[in-house]
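Structure first, commentary second.
Throughout, residue positions are numbered sequentially from 1 according to the sequence presented.
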Amino acid sequence: MPTDAAAPSPVTATHCPYCSLQCGMGLRAADGAPGGLDVVPRDFPVNRGALCGKGSSAPALLSRRLRLTEPLIRRADTGRLAPATWEEALALVAARLGSVREEHGADAVGVFGGGGLTNEKAYALGKFARVVLGTSQIDYNGRFCMSSAAAAHQRAFGIDRGLPFPLEDVARTGCVILVGANPAETMPPAVRHLRELRENGGTLIVVDPRRTKTAELADLHLAPRPGTDLALALGLLHLVVAQGRVDEEFMAERTTGWEAARAAVMAHWPELVERITGVPVPQIRAAVGLFCGTPDGMVLTARGAEQHATGTDTVGAWINFCLATGRAGRPLSGYGCLTGQGNGQGGREHGQKADQLPGYRKLTDPAARAHVAGVWGVPPDSLPGPGRSAYELLDALGGEVRGLLVMGSNPVVSAPRAAHVEGRLRALDFLAVADVVLSETAELADVVLPVTQWAEESGTMTNLEGRVLLRRAAVTPPDGVRSDLQILNSLAGRLGCEETAKGFPAEPEEVFEELRRASAGGAADYAGISYRRIEAEDGVFWPCPDEGHPGTPRLFLDRFATADGRARFVEVTHRGPAEETDGAYPVVLTTGRVLAQYQSGAQTRRVPELHAAAPGAFVEMHPLLAARIGVGDGDAVTVTSRRGQATAPARVTSAIRSDTVFMPFHWAGEGRANTVTNPALDPVSKMPEFKVCAVRVEPARPPG
């Protein structure tokens with residue numbers, strides 16, 4: 001019979017704007033809903049309809065009152081940011097970057113990108129830096145994410161992809177060792193795969209100095225001192241050798257370099273490892289028994305293991321452990337990295353990193369330069385060489401680097417030794433920032449360019465599995481906002497000519513088609529991936545060299561991506577953190593994330609329900625430490641390192657080691673954890689040592 005009920009609004013199938021899971025979701029127009037959209041469940045392999053609070057509240061940031069909707073220029077007469085027209089703002093950016101380049105040389109202009117940019121934006125930004133600006137000085141905040149795991153992947157396997165298998169395989173393996181990861185708070189929908197692992201009879205081992213929500217799920221929790229995961233991995237492998245659990249047949253057929261690695265491991269006997277890590281020998285033996293007691297297993301690392309000056313070697317030691325036990329290159333086995341940022345994987349594959357060209361090609365490889373230059377229509381010799389890594393670039397600001405364009409990053413909060421980085425940003429001749437909100441970094445800019453968000457534009461992302469996905473526009477952006485691609489197109493024209501601008505189309509699919517050609521034949525080969533295929537197949541795994549190729553959900557089943565097809569053992573030995581505790585700084589600080597906030601918090605801190613759930617920084621400490629310094633739960637404490645200090649309320653809990661304190665890094669101001677952290681760099685990956693530094697902890701002095 002006839003009805004007056006309105007038909008439901010159509011649902012746009014898309015993905016969450018936050019972490020590397022890139023959970024599937026649907027968006028439907030809804031009057032009165034935050035941002036004008038309701039989030040509806042969508043069945044997608046990584047999350048199967050589930051979302052965390054960040055994903056379910058994501059449309060709130062589309063509200064005009066929470067975001068930028070017009071360009072801002074710092075006025076000379078007031079020194080303050082004030083509204084401007086797009087013509088005025090873009091003309092000023094082009095003029096100032098151009099004058100810096102003319103006066104000081106191309107490398108005096110820097111570009112700093114973000115791991116949340118789509119593949120199209122990351123690709124265009126790298127091309128813009130090298131073709132239009134002619135600078136080598138480009139890197140991105142993904143250097144702070146999984147660069148150590150990427151470097152170790154390359155050394156051992158010849159290719160870097162976060163997970164060499166789909167996430168759903170985790171539930172079907174026999175044992176998972178999770179090192180320095182807390183997905184229960186950082187990517188909650190992934191936890192269902194860990195729960196299913198245990199329901200299927202598998203075991204979970206968690207390595208973390210804190211008894212996190214993830215550690216509470218484990219069959220075995222190992223709590224090493226921060227900065228000693230490398231020693232723990234070596235101790236486990238020592239026992240594998242001593243107990244005769246090495247898979248000799250696998251190693252003979254599929255690996256190389258074992259003898260040197262074995263010799264290094266034998267110097268790390270269990271009692272020594274216990275003294276270094278604080279993990280009792282019986283627990284070390286139990287971990288080996290659980291992992292080797294099943295026919296297959298996985299080791300998954302995250303920032304807790306990787307954000308160290310020894311991060312590449314630490315991951316290398318865990319890879320050695322997998323190889324020696326035959327847990328690699330086989331179904332339901334292997335080493336993987338839980339990438340953090342939404343496009344941390346794709347963001348580094350296509351040209352944002354200082355040493356890479358699209359397709360994960362090396363900038364120093366003549367053949368790679370020739371291929372990409374051919375796609376771009378420029379001479380290979382015109383492409384600059386490798387530049388500085390992320391922290392090195394930030395440290396050079398105001399000196400050799402005089403002008404900077406930032407897209408999708410907030411280093412004032414996210415960089416180590418953040419007060420120093422803030423000072424370097426202030427020392428620039430010119431700073432332009434393109435962002436959704438007025439972040440702490442944008443507040444320092446000479447020009448701020450408001451950009452579109454995830455639900456207002458289409459584009460591809462590559463999640464932690466290496467699955468290339470398509471985000472779809474669900475709403476029209478507000479007047480006064482432009483996409484990053486439109487901005488690069490406009491700046492290319494102003495800094496070059498109309499012909500130059502044609503090389504920077506504003507339409508995402510057009511950019512992606514060029515990216516396919518540029519990546520063809522590279523390690524991260526997207527040549528066979530198209531928007532049409534992604535929509536039809538709900539994502540395509542790279543490498544995918546042609547349209548007839550099915551994609552590669554599982555790497556290394558036949559051979560590794562090295563010249564001889566064999567995985568490489570790497571000889572590693574334990575080294576302590578760059579900064580040890582002493583009488584003046586007797587406590588270890590480690591940092592991380594909390595459930596309701598994301599990265600620098602520039603966006604999530606503005607969402608009311610997320611702010612209510614996690615309104616500010618805190619210092620987590622053991623009751624013994626709290627008693628020793630004379631503070632109670634909620635009392636303000638100051639954490640001081642050789643670089644600065646941060647103040648926040650104490651959160652007293654027995655879930656952390658008594659020699660360690662923890663601070664989340666999402667906040668600016670006096671609770672900024674990264675004011676304290678150490679920028680000591682891993683020599684291979686150039687990853688800063690965020691996860692361990694020596695501090696003293698004291699009751700905060702009252703003001704005045």
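Side-chain contact check for Q356 versus R361: every heavy-atom pair is 4.5 Å or farther apart. A 4.5 Å side-chain heavy-atom check between C19 and Y598 finds at least one atom pair inside the cut-off. Residues L363 and P386 have side chains in contact (heavy-atom distance under 4.5 Å, counting atoms from C-beta outward). Residues L485 and P505 fail the side-chain proximity criterion, which asks for heavy atoms closer than 4.5 Å. Using a 4.5 Å heavy-atom cutoff, the side chains of S148 and T301 are not in contact. Here the side chains of L491 and V93 are in contact, with some heavy-atom distance below 4.5 Å. Side chains of R482 and L449 form no contact here, defined as non-hydrogen atoms less than 4.5 Å apart.
A donor-acceptor pair is defined here as one N or O able to donate and one able to accept, closer than 3.5 Å; no such pair exists between the side chain of D446 and the backbone of A432. Panel note: side chain H153, backbone A149; a donor-acceptor pair is recorded below 3.5 Å. Checked by atom type and distance alone, the side chain of R143 never pairs as donor or acceptor with a backbone atom of M687 at under 3.5 Å. Side-chain atoms of R516 never come within 3.5 Å of backbone atoms of F512 as a donor-acceptor pair (strictly under, hydrogens ignored).
Between F112 and F144, the angle of the ring planes lies from 30° to 60°, which puts this pair in the tilted group.
Distance check, rounded to the nearest 0.5 Å: CZ of F128 to CD1 of I138 gives 10.0 Å. From R467, atom CZ reaches atom CD1 of I534 across 11.5 Å, with rounding to the nearest 0.5 Å.
A donor and an acceptor atom, one from each side chain of E102 and S99, are nowhere located under 3.5 Å apart. With hydrogens and angles left out, the side-chain atoms of E457 and T452 include a donor and acceptor closer than 3.5 Å. Side-chain contact of S20 with N463: a donor-acceptor pair under 3.5 Å is absent, judged by distance alone.
None of Y123, Y360, Y526 except one satisfies the ring pair (Phe, Tyr, Trp, His ring centres under 6.0 Å) rule with H350; the exception is Y526.
Cation-pi check for K127 over F504 is met; the charged atom lies under 6.0 angstrom from the ring centroid and within 45 degrees of its normal.
Heavy atoms of other residues, nucleotides or ligands lying less than 6.0 angstrom from CG of D479 number 12 at most.
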